[in-house]
Structure formats: structure tokens, C-alpha cells
Engineer: 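Attaching a single structure in C-alpha cells format; questions to follow.
In this chain, residues are counted from 1 in sequence order. Fair warning: this is a prediction, and the values are worked out from it, not measured in the lab. Note that these values count all heavy atoms, side chains included, but never hydrogens, waters or copies made by symmetry.
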Amino acid sequence: MKDILKEIRKQMVFDWINGFHQLTPLTQNKFYKIIGPTIVGIELVSIPAINGYRPHFVIYPLWRNNVNSCLNIPLIYKYIINKKGNQFDIPYLKHNDHIEDAIESFKLQIPIKMDEDVSLRFFFEVVDHRFTDILVTSSTSEQVKLFELKFYLAVYLNHSEIVKTVLAEIIQSSKRWNITMFELWYGKLDLWIFHLQEAASDRAKLLTRIDINKKDKKFERLIVSELIS
């Protein structure tokens with residue numbers, strides 16, 4: 001059985017990369033590429049209860065202080081649903097039965113194209129759609145991550161008006177946040193907002209940090225696309 005599962009896992013990697021040919025395996029179950037100031041890709045999360053896996057769409061930042069902190073917590077971590085409206089939980093032994101539907105569903109549910117540059121508008125569509133998820137509307141930390149993503153995408157492209165708009169959205173939305181939980185994760189709200197403003201006012205420093213992380217040896221094999229206006 002171990003040999004069979006080993007071969008299935010090899011096939012699993014091949015099938016997902018074949019379906020999204022611009023993604024590169026960082027590990028056996030994590031496939032990424034770089035788009036602008038982000039790492040975007042697919043993670044196949046092990047589900048021991050079914051001896052299988054669940055595919056997730058992920059976005060990580062590249063503006064953190066180092067590579068490890070960039071990959072610490074995803075800004076978006078979204079599972080894919082099947083035609084019945086349920087999560088794609090795929091037993092390894094049934095991988096071949098589900099892989100075609102899983103890839104097709106992934107492409108339909110994630111508007112970011114993995115094989116080309118991505119516009120800010122499409123990126124924002126993905127982020128804004130996450131705000132409609134009950135798991136996000138009920139979670140301060142999830143909302144913060146999405147706002148942070150929108151903010152840094154706009155700063156990266158030097159869209160000053162969008163930066164101001166997102167910052168205004170943050171200030172307005174923060175009135176409804178659980179401040180105790182926020183401070184547990186991010187520290188004082190005023191200081192966090194100040195750091196956002198600081199990043200916008202010193203964009204060159206931010207771009208340098210992103211570029212350094214992009215060039216880290218851990219990401220040297222990843223294909224790079226750009227974020228465009």
C-alpha cells in the first residue's frame with residue numbers, strides 16, 4: 001500500500017502542475033508562482049480522516065522582513081468546492097476520479113489567471129469576494145489580512161488614490177473589529193495604521209524589501225508574473 005500511495009502522490013504532483021503549468025512545486029504539496037508583491041498558488045492539505053487531501057488557493061505576502069515571515073501565514077486561504085457545493089476532499093486512492101473536476105472547479109472559482117500578468121482589478125475581485133464569506137465577516141484577523149493585501153497591492157502599483165480609499169475602508173471597518181483580538185495579533189491599532197502609512201510614504205523601501213525576498217534562493221525556481229494596472 002505504501003508503494004501505491006507513493007506513486008499516487010507523484011501522479012498528484014504531476015496532474016496539478018500539468019493543470020497549472022506556471023506553478024512550481026516548492027514541496028510535494030505546495031505549488032507557487034510570484035505575481036507582483038505576492039506568492040500565489042495551490043496547497044494540497046493532508047486530510048488524515050480520509051487518507052487524502054484538500055486543495056486550497058493561497059496568497060502570501062512578499063513585503064515581510066524575510067522569507068520565513070512571508071510564508072508564515074497566508075493572507076488568503078480558500079478551499080475549492082465541488083459541483084455539490086461541498087469541499088473537495090479527495091482520497092488518495094480516488095485521485096484519478098476527481099482530479100479533472102477539481103482542476104476545472106479551481107479555474108472557475110479563482111479568477112486570477114495563473115499563466116499571465118494579473119490586473120489590480122482582478123486581484124481586488126478575489127479579495128472583495130472573500131469579504132462575503134461568513135468565516136471572514138465574523139473574524140477580525142481575516143478581515144485585517146484582506147485589507148492589508150489590498151493596501152499593499154495598491155502601494156506596489158503606486159495608486160495613491162486607491163491607497164487612500166483602502167486606508168479609509170480600514171479605518172471605517174476597524175470600528176467594528178474585536179480590538180482585543182486585533183491587539184493580540186497585531187498590536188495597537190493606531191501603530192499598525194501608522195506602519196501602513198509609513199510603507200506608502202516610503203514606497204522605495206517597500207519595493208526593495210519585496211525584491212530582496214523575490215530573489216531569495218527559496219524562490220529562485222518560481223515563475224514570475226507581474227501585477228498590472
Engineer: Over 60° means perpendicular and under 30° means parallel, so tell me whether Phe106 and Phe57 are parallel, tilted or perpendicular.
Structural biologist: perpendicular

Engineer: I'd like to know if Glu142 pairs up with Lys145 as an ion pair, taking the criterion as any Lys NZ or Arg NE/NH1/NH2 lying under 4.0 Å from an Asp or Glu carboxylate oxygen.
Structural biologist: yes

Engineer: Please report the shortest heavy-atom distance between Pro37 and Ile210, naming the atom on each side.
Structural biologist: CB-CD1, 3.6 Å

Engineer: Thinking salt bridges, do Asp133 and Arg130 make one under a 4.0 Å N-O criterion?
Structural biologist: yes

Engineer: Between Phe31 and Trp16, is the gap from one ring center to the other below 6.0 Å?
Structural biologist: no

Engineer: Flag this pair as yes if the NZ/CZ of Lys150 is under 6.0 angstrom from the six-membered ring centre of Phe124 and inside a 45 degree cone about the axis; otherwise no.
Structural biologist: yes

Engineer: Got a sec: does the CZ of Phe131 have more than 12 other heavy atoms crowding it under 6.0 Å?
Structural biologist: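 More than 12 heavy atoms, drawn from other residues, nucleotides or ligands, come within 6.0 Å of this atom.
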
Engineer: State, to 0.1 Å, how close Gln172 and Arg176 come at their nearest heavy-atom pair, and which atoms those are.
Structural biologist: O-NH1, 3.9 Å

Engineer: Test your reading of the model: is there a side-chain donor-acceptor pair from Thr140 to the backbone of Asn178, 3.5 Å cut-off?
Structural biologist: yes

Engineer: Would you say that more than 12 heavy atoms from the other residues, nucleotides or ligands in this model lie under 6.0 Å from the CD1 of Ile134, or not?
Structural biologist: no

Engineer: With heavy-atom distances below 4.5 Å as the criterion, would you say the side chains of Lys214 and Ile34 are in contact?
Structural biologist: yes

Engineer: If you count the non-hydrogen atoms of other residues, nucleotides and ligands that lie under 6.0 Å from NE2 in His159, is the total more than 12?
Structural biologist: yes

Engineer: Considering non-hydrogen atoms only, spot the tightest contact between Ala102 and Ile90 and give its length.
Structural biologist: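 For Ala102 versus Ile90, the nearest heavy atoms are CB-CD1, 4.1 Å.
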
Engineer: Would you check if the distance from the ring center of Tyr156 to the ring center of Trp63 is below 6.0 Å?
Structural biologist: no

Engineer: Within 45° of the ring axis of Tyr92 and under 6.0 Å from its six-membered ring centre, is that where the NZ or CZ of Arg9 lies?
Structural biologist: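 Output yes; distance and angle both within limits.
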
Engineer: Distance alone, cut at 3.5 Å: any donor-acceptor contact between the side chains of Ser69 and Asn66?
Structural biologist: yes

Engineer: Do NZ/NE/NH1/NH2 and the carboxylate oxygens of Glu220 and Lys217 come within less than 4.0 Å?
Structural biologist: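 No.
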
Engineer: Salt bridge between Arg64 and Glu148, side-chain N to carboxylate O under 4.0 Å?
Structural biologist: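 Counted as a salt bridge, because a side-chain N and a carboxylate O are separated by less than 4.0 Å.
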
Engineer: What is the minimum heavy-atom distance between Lys218 and Val67, and which atoms define it?
Structural biologist: CD-CG1, 3.9 Å

Engineer: Please state whether the rings of Trp177 and Trp192 are parallel, tilted or perpendicular, taking 30° and 60° as the class boundaries.
Structural biologist: perpendicular

Engineer: Would one find more than 12 heavy atoms of other residues, nucleotides or ligands at under 6.0 Å from atom CD of Glu100?
Structural biologist: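 Count not over threshold, so no.
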
Engineer: Heavy-atom count around Asp97 CG within 6.0 Å, excluding the residue itself: above 12?
Structural biologist: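 Count over threshold, so yes.
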
Engineer: For Phe20, is the NZ or CZ atom of Lys107 found under 6.0 angstrom from the centre of its six-membered ring and inside 45 degrees of the ring axis?
Structural biologist: yes

